[in-house]
Amino acid sequence: AITKEQDALMKLIVEAYNKHQIPQDVTKKLLQEQYSTEENFLLLTEIATSQVQVLVEFTKNIPGFLSLDHEDQIALLKGSAVEAMFLRSAQVFSRKMPKGHTEVLEERIRKSGISEEFITPLFNFYKSVGELHMVQEEQALLTAITILTPDRPYVKDQQAVERLQEPMVELLKKLCVLQHPQEPQYFARLLGRLTELRTLNHYHAEMLTSWRVN
Amino acid sequence: PASNLGLEDIIRKALMGNLEE
């Protein structure tokens with residue numbers, strides 16, 4: 001069972017996850033009709049920027065994060081921003097969206113000058129995350145675990161990061177057993193998504209370059 | 001690339017935010 005401390009940790013992470021969301025006025029624009037490729041491009045850039053700001057606000061609430069070395073904080077955030085962004089946006093596609101919203105979002109991403117080579121793996125990821133039907137606690141913890149990945153580039157004190165990540169992984173494992181008793185492989189499937197996320201990192205870097213060329 | 005620089009600036013600015021609060 002989940003200990004008192006673990007429960008407190010979970011509540012704190014979920015509360016921070018819910019508190020820091022992309023502002024309504026930004027997401028509302030996503031649903032407005034007929035945008036040109038250029039406007040889609042600018043809109044996606046605006047949302048990506050907002051997601052990074054939301055990511056930092058969320059991360060500040062992760063116990064121990066602000067006591068890490070300042071440059072390591074930057075390295076962790078920089079190294080995980082893209083993954084955290086896709087993990088979060090995946091939930092938009094898997095949550096019960098009002099009729100037609102998902103299609104509009106998908107159309108917007110497809111019509112923003114991003115090459116097909118990147119869009120296919122991105123939507124495969126969204127689909128595989130959607131099939132997991134993650135509960136909110138799992139989404140918040142998985143995001144925190146993604147950010148606290150010790151082997152990001154330029155992280156100096158990896159052990160300090162590991163000490164923060166480890167209890168989160170333990171807690172997520174217990175949560176998966178409690179939430180998905182009939183699926184013993186569920187935790188492993190969640191971690192599998194993190195591996196898939198890392199490949200998106202690579203595609204994202206290439207996508208940015210091709211986007212700029214277009 | 002410029003976008004990465006942008007990313008780091010956004011992160012540094014948002015992190016510093018807690019000094020103003």
Side-chain angles (χ1 to χ4, degrees), chain A residues 16 19-20 22-23 26 41-42 44-62 65-86 113-114 118 147 152-155 201-202 204-214, chain B:
Chain A
K19 184 165 165 245
H20 300 291
I22 296 183
V26 176
F41 165 79
L42 291 172
L44 288 176
T45 307
E46 184 185 349
I47 287 178
T49 305
S50 174
Q51 281 210 349
V52 172
Q53 289 160 339
V54 162
L55 173 72
V56 174
E57 293 310 317
F58 165 71
T59 306
K60 288 181 193 175
N61 292 277
I62 297 177
F65 181 83
L66 289 179
S67 49
L68 290 171
D69 168 270
H70 186 65
E71 286 312 306
D72 278 359
Q73 290 177 29
I74 308 280
L76 287 174
L77 284 162
K78 215 177 146 189
S80 64
V82 169
E83 290 174 27
M85 180 170 75
F86 287 130
I114 298 177
F118 175 66
I147 296 160
R152 294 295 185 196
Y154 310 115
V155 172
N201 241 335
H202 157 70
H204 183 264
E206 273 181 38
M207 183 274 291
L208 279 183
T209 323
S210 77
W211 220 358
R212 221 171 287 108
V213 166
N214 291 350
Chain B
S3 62
N4 279 351
L5 189 65
L7 176 63
E8 191 163 321
D9 290 335
I10 298 168
I11 290 171
R12 283 187 188 279
K13 225 159 124 282
L15 260 179
M16 299 302 284
N18 55 18
L19 296 182
E20 284 127 30
E21 259 146 28

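Convention: sequence-line order gives letters A, B, ...; per-chain numbering from 1. Computed from a predicted structure; not experimentally measured.
Rounding to the nearest 0.5 Å gives a distance of 11.0 Å between OG1 of A/Thr49 and CG of B/Asp9. Rounded to the nearest 0.5 angstrom, B/Leu7 CG and A/Leu55 CG are separated by 9.0 Å. B/Arg12 CZ to A/Gln73 CD: the interatomic distance, rounded to the nearest 0.5 Å, is 10.5 Å.
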Pair B/Leu15-A/His70, side chain to side chain contact (heavy atoms under 4.5 Å, CB included): steps then yes or no: CA-CA 9 Å; B/Leu15 260 179; A/His70 186 65; 4.3 Å; yes
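With B/Ile10 as the partner, the side-chain contact (heavy atoms from CB on, under 4.5 Å) test is satisfied by one option alone out of A/Gln51, A/Lys78, A/Gln53: A/Gln53.
Without hydrogens or angle criteria, A/Lys60 side chain to B/Ala14 main chain gives a donor-acceptor distance under 3.5 Å.
When each of A/Val56, A/Thr45, A/Val52 is scored by its heavy-atom pairs under 4.5 Å with chain B, the top score falls to A/Val56.
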